[in-house]
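Step one of this worksheet: look at the structure below.
Predicted model only: the values in this text are computed from it and were never measured. Side-chain atoms are counted along with the backbone in the values below, which use heavy atoms only and exclude waters and symmetry mates. Quick note on labels: first sequence line is chain A, next is B, and so on, each numbered from 1.
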Amino acid sequence: MADNINEYFVQLTYKWSKILNEEKLYQADPDSSKPKFFITAAYMYPNGPIHIGHGRTYLIADIIARFKRLQGYNVLFPMGFHYTGTPIITMAEAIENGDKDLLYLFKNVYGVVDEDIKKMVDPLYLARYFHNVSKEVMKLYGLSIDWRREFTTIDDDYKSFIQWQFLTLYEKGYIERGTHPVGWCPKHEMPVGMHDTKGDVEPEIGEFVAILFRDDNGVAYPTATLRPETIFGVTNIWVNPDKYYLKIRLSNGDLWIVGEDAASRLKYQLDFEVVDRLPGSSLIGVFVTNPITGERVPVLPASFVDTSFATGVVMSVPAHAPYDAIALEDIKGSDKLRELVSNITPKVIIEVDGERVASAYQALKQFKISAQTEREKLDEATKYVYSLEYQRGFMVKDLKVLDRFREYIEKEVCGRPVKNAREAMESLIVNNNLGTIIYEILNKPVYCRCGTEIVVKLLKDQWFINYGSESWKTIAREALEKMKIVPPEARAQFEATIDWLKRRACARTRGLGTPLPWDEKWIIESLSDSTIYMAFYTVVHRIREALRGIKALPKEFWDYVFLGRGDVGNVAKLINVESKVVDYLRKEFLYWYPLDMRVSGKDLIPNHLTFFIFNHVALFPSSLWPRGIIANGWVLIKQQKMSKSARNIIPLKNLIDEYGTDIVRLLLALNAEVYQDENIDMDMLSKLGKSEYPQLLLEIHDTIIRIYNNASRLRAEETTLDQLFLAKFDYIVNEIMKLLEEYKLREAGIKIFYEIKELIDSYLKLVETPSRRIINVIRIWLGLISIYTPYIAEEIWSKTFAEGRISAKVLELPKGYDKNMLMSLRYADMIIDHVSNIVKALKKPSINLVIVYVASKSMQKIMKNVLKALSTGLKVNEIIDNVSKEMNLSKKEFGKVIKALYDIAVTVPEDLRKLYIESDIDELEALKITKMYIEKKINAKVMIYDAEDPAAPDYGAKKRIAQPLRPGIYVE
RNA sequence: GCGGGGGUGCCCGAGCCAGGUCAAAGGGGUCGGGCUGAGGACCCGAUGGCGUAGGCCUGCGUGGGUUCAAAUCCCACCCCCCGCACCA
């Protein structure tokens, strides 16, 4: 250990992980004599080795598991591996294509040898490789996992379990079929999300209404708009005169005119054949009819029209759209089409703040726009008008409309906010076949990584889980309400997620995983097959033991095990085993379920963790709903999120081999509370990991062993100093248990490793030989230490108490603490504080004597009552009333006194207030007990007087000012 | 745009939900001292301003408000971060 203190901890890691795993210390079976605690953490995707981000989540789960074991719970902490989905396949493909970044990562960061990399073109090989590597690291890392229950999500039994889940959801009506627009790469023929576009651009899909304006022959000009309510202000239709248009025939026989480039994109949404190709200029002058107002309007030319966007045909609303306004003015200014436009005037159909103004013309002025070519300014002006009218606009009341729509329009549109009118118009148009919804990429162009421009594709016959169901949401909320959520702030995010969740596609055509049982060409998508797998852990090992060789377990089997449905005998017969086997599985499931705690990264709140709630409430009765969620923060590397592209992933193994498990666990546990992001940088690693933590643990090691080895020489009799020490120790342990109960693992850890250590060190300094009771103190301390740093704890335990393993011990923890002693100690600390404050003000280098005058017992009694009244939340005047009445004091005489005490009381720390009320020791006694302690701390002699004692000398006139909790202090 | 979280001293970061323990924990940095052959290693002290007795003033994004009392509660505004789906 000479040149590298960490070497010792690395040795401990290998030594103890081997011993503890061989002894199968963490295997948990049902035991009705103990309370159970079932905790899981999100299983990992083995497309890389376990890294410190996983390390953090799993450590939180492990610390809680160990804490619960220490308290006497039968704890189950299992682990599986998630193979489902595309990332593993994508990664194998990238290897095959010789992706340089990835190969670098694998070789230099993950330490994979060439031979293995070659085999990783097989996705399953890749997954198994990282699965095995990660599992070994989890063992080294001290995770107290029951490995008998390990599985992957492509195991046959797991697949039959997922099929059961989906069949059940299907039966309950939570699964439905429908169409859905997605970003789509025409070359790959695959949906594309943000992660597979060039520059990671999220393709924003906008919903347009294509309104059908028809010419006299019935040919439709589908004008695409985001603002269907402006149809009342249409004065004409725009086409681009310099581009080509296609006449297309839809499957229902309808003829449409659309932009040539638009047609190539529309074919992913509509079925049609091309009938004719026409130059845009040939369409100019055609008259078409507005389907809502019945007005006849001309088709006019405008160069701003993009024939590749949406339909390539747009309607013109000059009063409310800057582009339309400027284009119209351009034509008016030219000679050619003057006749057509001479009697066109912009129609204002929206009023803002009660004023009927043509916002578009105002915007043109405001943004100083004078030509159609000023695209940038026009876009800005459009955005401005759009948002102004959407936020503050109301439809005017006298809209021109065809008789057949009048009633509806007057009710739903006239005088209504633009927001509402828009929805009303959309449904009117769509429901009456006056138009249809088409989708377009709003931030077009967006390119696939392959360079192809993305289009919108309407996926048909897609399977969905309907998280939008209101009744389902209601029970999900009910479950959430009963759950413990850490951190509490995350609850709002869960609530918001439940609110906005809609139906979600749950199956894909590609990837690893389970086929939909009723439509096997679809693979259940990976976030959908990992919502209730915690239930699977409870029985998987028994299934493999007892039902070996049975691949596909029927629905009836799972119905019985998880829902108690059906007849056990029949089910057993179905799979050809004895009834008691099936019966046992049901019992083990019921023993462990419900899940007590789920730990996962906070990024999974809007998806996995909420789906987890939804699926549990859909399938299980409320008695089996999960009880808690911890959403932990990330691990940041130099303030950056870890990512493969940033090349800043730190595999957990690398840290363990450098620092040792116990040190890594402290690094991850003590530097951020569970819900915060934890930042890691080299400074911190070298400072804490190489020096502070190893030293701290070694000091603890030495201290405990020294105390234990001197056990024969310990004192039998007890002094007040011992009692002070024990009271404080018991108190700290109590605080630690409370913090752990609230999952404040960092704060609890700091108390274990620093506060207790400090207390013991200072105690050892104060006494010549420690009391015999210190043996039990170090025993409890060691137990607490083992929660965070199991290996050093086992090492010390094996050299001292050496009965079994500390990791498997249940500890007798102190039930309470000696309140009188603790009160004395807190009181003494307060005096010490005051004294040092005075000394500071005096600017004296040193002091010799401190004289303390303590207020009378009767005053102390009043103070107690004031404190009691204060703790119930009373105000000053109420306290004065209350206390004087209760103690039968005259208000006139004591009002001021009580007020003075109140003023002191509010400055006293809450814990001391509580102790002051609860203990039955008075201040004079407290001081006598702690006199020696104070003297040692301030390094001066202390004299104590009762302020009411006439015989006491009055130094510095401090005798009179003595008050309860604020004694008179004179310093010399 | 919608939704969630947040703005604290030179820097990081607690406190805020349950208003007085708050000039505000804990780090880091800086300054001073000790230790040392020497130290970037360790230990002690200081770190808003004023004050010869435990005190006062100014302060927790900005501006208002409630209260005997506000970093904490309410309102408005400004700014920052995260999520928005078929992607794990």
Study note, to complete from the structure: Side-chain atoms of A/Ala505 come closest, of B/G15, B/C86, B/A85, to B/C86

Study note, to complete from the structure: Regarding the side chain of A/His180, the nearest nucleotide among B/C86, B/A85, B/G5 is B/C86

Practice item. Have a look at A/Ser528 and say if it touches a base, only the backbone sugar-phosphate, or nothing, with a 4.0 Å heavy-atom cut-off. Key: nothing

Between [N] and [M], how far apart are the two [atom1] atoms, rounded to whole Å?
{"N": "B/G59", "M": "B/G54", "atom1": "P", "result": "23 Å"}
{"N": "B/C60", "M": "B/C11", "atom1": "C1'", "result": "16 Å"}
{"N": "B/G63", "M": "B/C43", "atom1": "P", "result": "42 Å"}
{"N": "B/C56", "M": "B/G3", "atom1": "P", "result": "46 Å"}
{"N": "B/G28", "M": "B/G13", "atom1": "P", "result": "15 Å"}

How long is the line joining [atom1] of [X] and [atom2] of [N], in whole Å?
{"X": "A/Leu670", "N": "B/G13", "atom1": "CG", "atom2": "P", "result": "18 Å"}
{"X": "A/Glu423", "N": "B/G1", "atom1": "CD", "atom2": "C1'", "result": "14 Å"}
{"X": "A/Gln462", "N": "B/C86", "atom1": "CD", "atom2": "P", "result": "10 Å"}
{"X": "A/Glu735", "N": "B/A25", "atom1": "CD", "atom2": "P", "result": "19 Å"}
{"X": "A/Trp634", "N": "B/C82", "atom1": "CH2", "atom2": "P", "result": "8 Å"}
{"X": "A/Phe494", "N": "B/G4", "atom1": "CZ", "atom2": "C1'", "result": "12 Å"}
{"X": "A/Glu495", "N": "B/G4", "atom1": "CD", "atom2": "P", "result": "10 Å"}
{"X": "A/Gln493", "N": "B/G5", "atom1": "CD", "atom2": "P", "result": "8 Å"}

Review point. For residues 599-612 of chain A, which residues have at least one heavy atom under 4.0 Å from RNA chain B?
Key: A/Pro606, A/Asn607

Practice item. Specify the residue among A/Gln695 and A/Leu527 whose closest nucleotide of RNA chain B lies further upstream toward the 5′ end. Key: A/Gln695

Check your understanding: Between A/Pro488 and A/Arg746, who's closer to the 5' end of RNA chain B by nearest nucleotide?
Key -> A/Pro488

Exercise for review: Any chance you could measure A/Ile630, atom CD1, to A/Lys602, atom NZ, to the nearest 0.5 Å?
Suggested key: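 Reported to 0.5 Å precision, the distance equals 15.0 Å.
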
Exercise for review: With the side chain counted from C-beta on, respond yes when A/Leu501 and A/Thr610 share a heavy-atom pair under 4.5 Å apart, and no when they do not.
Suggested key: yes

Check your understanding: Using a distance-only test with no angle check, is there a side-chain donor-acceptor pair under 3.5 angstrom linking A/Tyr533 and A/His82?
Key ->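 No donor-acceptor contact under 3.5 Å links the two side chains.
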
Practice item. Ignoring hydrogens and angles, state whether a donor on the side chain of A/Trp463 or A/Asp519 is under 3.5 Å from an acceptor on the partner side chain. Key: yes

Review point. Centroid-to-centroid, A/Phe81 to A/Tyr43, below 6.0 Å?
Key: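 When the ring centroids of A/Phe81 and A/Tyr43 are compared, they turn out to be at least 6.0 Å apart.
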
Base paired to [N] (Watson-Crick or G-U; both N/O distances under 3.5 angstrom):
{"N": "B/G29", "value": "B/U47"}
{"N": "B/G59", "value": "none"}
{"N": "B/C2", "value": "B/G83"}

Check your understanding: Would A/Arg510 and A/Glu93 pass as an ion pair if we require N to O under 4.0 Å?
Key ->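 Result for this pair is yes, salt bridge flagged.
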
Practice item. In plain terms, say whether A/Glu699 and A/Lys757 are close enough for a salt bridge, that is, a side-chain N and a carboxylate O under 4.0 Å apart. Key: yes

**Study point:** Stepwise ring-ring contact (aromatic ring centres under 6.0 Å, His included) check, A/Tyr439 with A/Phe208
**Key:** CA-CA 6 Å; A/Tyr439 301 92; A/Phe208 287 78; 9.1 Å; no

Practice item. May I ask you to verify if any side-chain N or O of A/Arg504 is less than 4.0 angstrom from the OP1 or OP2 atom of B/C87? Key: no

